[in-house]
S.K.: 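Pasting in a structure now, in structure tokens, and then I'll have a few things to ask.
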Number of protein chains: 2
Amino acid sequence: MSAIQGARERARTEVTAAIKSEARRQLAEQGAAKLSLRAVARELGMVSSALYRYFPSRDELLTALIIDAYDAVGAAAEGALTTHPGSDPVARWTAVCQAVRRWALAHPHEYALLYGSPVPGYSAPRDTVAPASRVGMALLTVAREARAAGLLRVPDAATWPPSVLADARTLADGLEMELPAPALAGLVAAWAQLFGLLNFELFGQFTNVVEAREEFFAVSVGTLARAAGLCSPEGIAAEDPDAPGYDTVPEDPQARDADAATEIARRFGQAGA
Amino acid sequence: MSAIQGARERARTEVTAAIKSEARRQLAEQGAAKLSLRAVARELGMVSSALYRYFPSRDELLTALIIDAYDAVGAAAEGALTTHPGSDPVARWTAVCQAVRRWALAHPHEYALLYGSPVPGYSAPRDTVAPASRVGMALLTVAREARAAGLLRVPDAATWPPSVLADARTLADGLEMELPAPALAGLVAAWAQLFGLLNFELFGQFTNVVEAREEFFAVSVGTLARAAGLCSPEGIAAEDPDAPGYDTVPEDPQARDADAATEIARRFGQAGA
DNA sequence: GTCTATAGCCAGATAGAC
DNA sequence: GTCTATCTGGCTATAGAC
């Protein structure tokens, strides 16, 4: 390749990046359905027809944005795995979830592009599926490590109907992953439920319902992790619902709330409001 | 009111209904962001300006559609409460969730309008919050009945930080509901997670991941109910993770899968695939 | 309440000169 | 690769006759 070729290619990638950047900006203002090549071109001081040299259609630009966003949130999730090493699967799971949440809060419109309503008239091409799987894979990595460490409680196979277990086995084969089918099914459910928490926070359903969102999220995804079978190393026994942490049905819940006040203060360093 | 007035009003409500109906049809084709008064008018054989006598703006039409949809899904949820009476809170919870799912599958675009990405440039007015709460209220009704029957396991208050418990108390006060704060917080989390399952199914994230969607959903929401503290009447003990239903970490998961085959066959009447 | 007409915008995409 | 020019369509919203 000649130097001129290199310069041309560099210019091309720079313009491509500028287009995507401006498109992301507009995504935030008008949403994906109204993303317009013309408006992007106008803002960049180009003419609309010039953009077609970079993206053959509006949908191709949208695809590029989607792939970039999946890669960004996936990288955030994977980054949490390396920045939060350790032997506690629940803590690692929570760290991954929190990294996803942080990315989502920082990029709400790109998040909506990935996990919100499908864009009408647009169907994602195959190129998106690998990037789309990265967050789920990061969560599965936590589960596999937990299993290797003996910290994954596998639900009885009778928990799930055979059809679901068959799906799980197909999925495990496709991913070349050796997780037991009942565990994988539960992890898929937890994966979906995680995004239920995020969607409600980002799409406004928590308005006037949950205000302490970070704390609510952290505890909820921890519970999610345990429901999916992940155990903290200090004791599988501590996850026993008969142990402290769960009451059986109380006779007077008001009294129990009051009784718990000192425990609250101990754990969180302030009185309950 | 004269007979003429009555006729006029009847005509008006009929035209209003026709407009909303056609708007819903277009919602399904183009999405909320591209809902256009002109297109609705064209399809109804009217002229665009005539629509302004019924809806003062595009956003008002959108609001009407949103309220109708929240009322429809809320009515479906409440209907499940009456068509599935009984003393098993987990079964009732599951029935409500399944009713919501059925409505969502039958009206995917209206579902997306409610629980998908916010419509850019549109902010929902206050009129929408009461209809929006109906599904959650139906779920809370199940929890309150369970508590009255001694079938609600209230998590220890130390499960949640004080800020979350404070939110839960504010919410309980606003709803004039006497659920203990830790239970309510868990129920809110379960409510959000329910819609994570639905969003993933409806928005395509389960493609090539979960195919047996109905079964997957039914089992997942049952687990969700139990995680939120609901108990089946035949035995709180059966929810004990140390009892059959959960294994501790197995030495050979393949073998366990095989061992479970007869149990699967017993419960679901067919062999695992 | 409905109509025609109009103002003032916007879009995606292509042709052909340079 | 970028430009001008153009085609063909879309939209919200209002004015004013009937």
Side-chain angles (χ1 to χ4, degrees), chain A residues 1-20 22-66 119-123 125, chain B residues 1-20 22-23 25-65 119-123 125:
Chain A
M1 301 221 178
S2 70
I4 291 171
Q5 266 262 344
R8 273 188 191 158
E9 281 173 6
R10 198 162 51 246
R12 185 173 176 87
T13 55
E14 271 169 22
V15 175
T16 304
I19 292 170
K20 292 200 287 191
E22 174 61 26
R24 267 188 290 271
R25 215 187 53 72
Q26 298 203 2
L27 207 60
E29 291 183 351
Q30 310 173 333
K34 291 195 177 163
L35 176 63
S36 113
L37 287 184
R38 274 187 109 96
V40 171
R42 195 168 39 237
E43 215 65 26
L44 290 176
M46 303 169 73
V47 96
S48 69
S49 57
L51 278 198
Y52 286 83
R53 300 282 166 180
Y54 296 89
F55 294 96
S57 74
R58 193 200 80 121
D59 281 6
E60 300 269 340
L61 172 55
L62 206 49
T63 298
L65 294 180
I66 289 172
V119 181
Y122 170 84
S123 118
Chain B
M1 301 217 179
S2 70
I4 292 173
Q5 266 263 342
R8 273 188 191 156
E9 280 172 7
R10 198 163 51 246
R12 184 173 178 87
T13 55
E14 271 169 22
V15 174
T16 304
I19 291 170
K20 291 199 288 192
E22 173 60 26
R25 216 188 51 73
Q26 298 204 0
L27 206 61
E29 290 183 351
Q30 310 174 332
K34 291 193 177 164
L35 176 63
S36 112
L37 288 184
R38 262 187 119 93
V40 170
R42 193 168 40 238
E43 214 66 24
L44 290 176
M46 302 170 73
V47 95
S48 68
S49 57
L51 279 196
Y52 286 84
R53 300 281 168 181
Y54 296 89
F55 294 97
S57 74
R58 195 201 78 120
D59 282 6
E60 301 268 342
L61 173 54
L62 206 49
T63 298
L65 294 179
V119 181
Y122 170 84
S123 117

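In the text below, chain A, chain B and the rest are named by the order of the sequence lines, each starting its count at 1. In this text, all values refer to a predicted model and were calculated from it rather than measured experimentally.
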S.K.: Quick one: does A:Leu35's side chain get under 4.5 Å of A:Leu65's, heavy atoms only?
M.R.: yes

S.K.: Assign each of A:Arg58 and B:Ser49 to its nearest nucleotide of DNA chain C by heavy atoms, then name whichever residue's nucleotide is nearer the 5' end.
M.R.: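 Here B:Ser49 is the residue nearer the 5' end.
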
S.K.: Considering every strand and a 4.0 Å limit on heavy-atom distances, what is the contact class for A:Phe55: base, sugar-phosphate, or nothing?
M.R.: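 No contact.
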
S.K.: Picking from C:dG1, D:dC11, C:dT4, which would you name as closest to the side chain of B:Ala39?
M.R.: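 Selected nucleotide: D:dC11.
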
S.K.: As a test of reading the structure: which of C:dT4, D:dG1, C:dA11 is closest to the side chain of A:Arg53, going by heavy atoms?
M.R.: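 From the listed options, D:dG1 comes nearest.
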
S.K.: Measure CD/B:Gln30 against P/D:dC11 and give the value in whole Å, please.
M.R.: 8 Å

S.K.: Provide, to the nearest angstrom, the distance between the CG atom belonging to A:Leu44 and the P atom belonging to D:dT2.
M.R.: 11 Å

S.K.: Please report the distance, rounded to the nearest Å, between CZ in B:Arg42 and C1' in D:dG9.
M.R.: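 Nearest whole value for this atom pair: 10 Å.
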
S.K.: Could you check whether any side-chain N or O of A:Glu22 sits under 3.5 Å from a backbone N or O of A:Leu44, counting only pairs where one atom can act as donor and the other as acceptor?
M.R.: no

S.K.: Which nucleotide in the list D:dC3, C:dA13, C:dC3 gets nearest to the side chain of B:Ala50?
M.R.: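 Looking only at heavy atoms from C-beta outward on B:Ala50, the closest nucleotide is C:dC3.
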
S.K.: Do the side-chain N or O atoms of A:Tyr52 get closer than 4.0 angstrom to the phosphate oxygens (OP1, OP2) of C:dA13?
M.R.: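 For A:Tyr52, the contact criterion (side-chain N or O under 4.0 Å from OP1 or OP2 of C:dA13) is met.
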
S.K.: What is the distance, rounded to the nearest whole Å, between atom CG of B:Leu51 and atom P of C:dG1?
M.R.: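 Between P of C:dG1 and CG of B:Leu51: 13 Å.
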
S.K.: Check whether any side-chain heavy atom of B:Leu37 sits under 4.5 Å from a side-chain heavy atom of B:Tyr52, and report yes or no.
M.R.: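 B:Leu37 vs B:Tyr52: side chains touch.
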
S.K.: Provide, to the nearest angstrom, the distance between the OH atom belonging to B:Tyr54 and the C1' atom belonging to D:dA13.
M.R.: 18 Å

S.K.: Please examine the side chains of A:Glu9 and A:Thr13, heavy atoms only from C-beta on, and report whether any two atoms are closer than 4.5 Å.
M.R.: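 Not touching, per the 4.5 Å side-chain cut-off.
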
S.K.: Give A:Leu35 one of three labels, base, sugar-phosphate or nothing, depending on what nucleic acid heavy atoms sit under 4.0 Å from its own.
M.R.: sugar-phosphate

S.K.: Starting at atom NZ of B:Lys34, determine the distance to atom P of D:dG9, rounded to an integer number of angstrom.
M.R.: 17 Å

S.K.: Is A:Ser36 close enough to C:dG12 that one of its side-chain N or O atoms is under 4.0 Å from OP1 or OP2 there?
M.R.: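 So the side-chain polar atoms of A:Ser36 do come within 4.0 Å of the phosphate oxygens OP1 or OP2 of C:dG12, strictly under.
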
S.K.: If you check every side-chain atom of A:Leu37, which of D:dA13, C:dT2, C:dA13 has the closest atom?
M.R.: C:dA13

S.K.: Do the non-hydrogen side-chain atoms of B:Tyr54 and B:Leu61 ever get within less than 4.5 Å of each other?
M.R.: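 Of all side-chain heavy-atom pairs linking B:Leu61 with B:Tyr54, none is under 4.5 Å.
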
S.K.: Starting at CD of A:Gln26 and ending at C1' of C:dG12, how long is that distance when rounded to a whole Å?
M.R.: 15 Å

S.K.: Rounding to an integer number of Å, can you tell me how far B:Glu60 CD sits from D:dT12 P?
M.R.: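 B:Glu60 atom CD is separated from D:dT12 atom P by 14 Å.
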
S.K.: NA contact type, A:Arg38, heavy-atom cut-off 4.0 Å: base, sugar-phosphate, or nothing?
M.R.: base

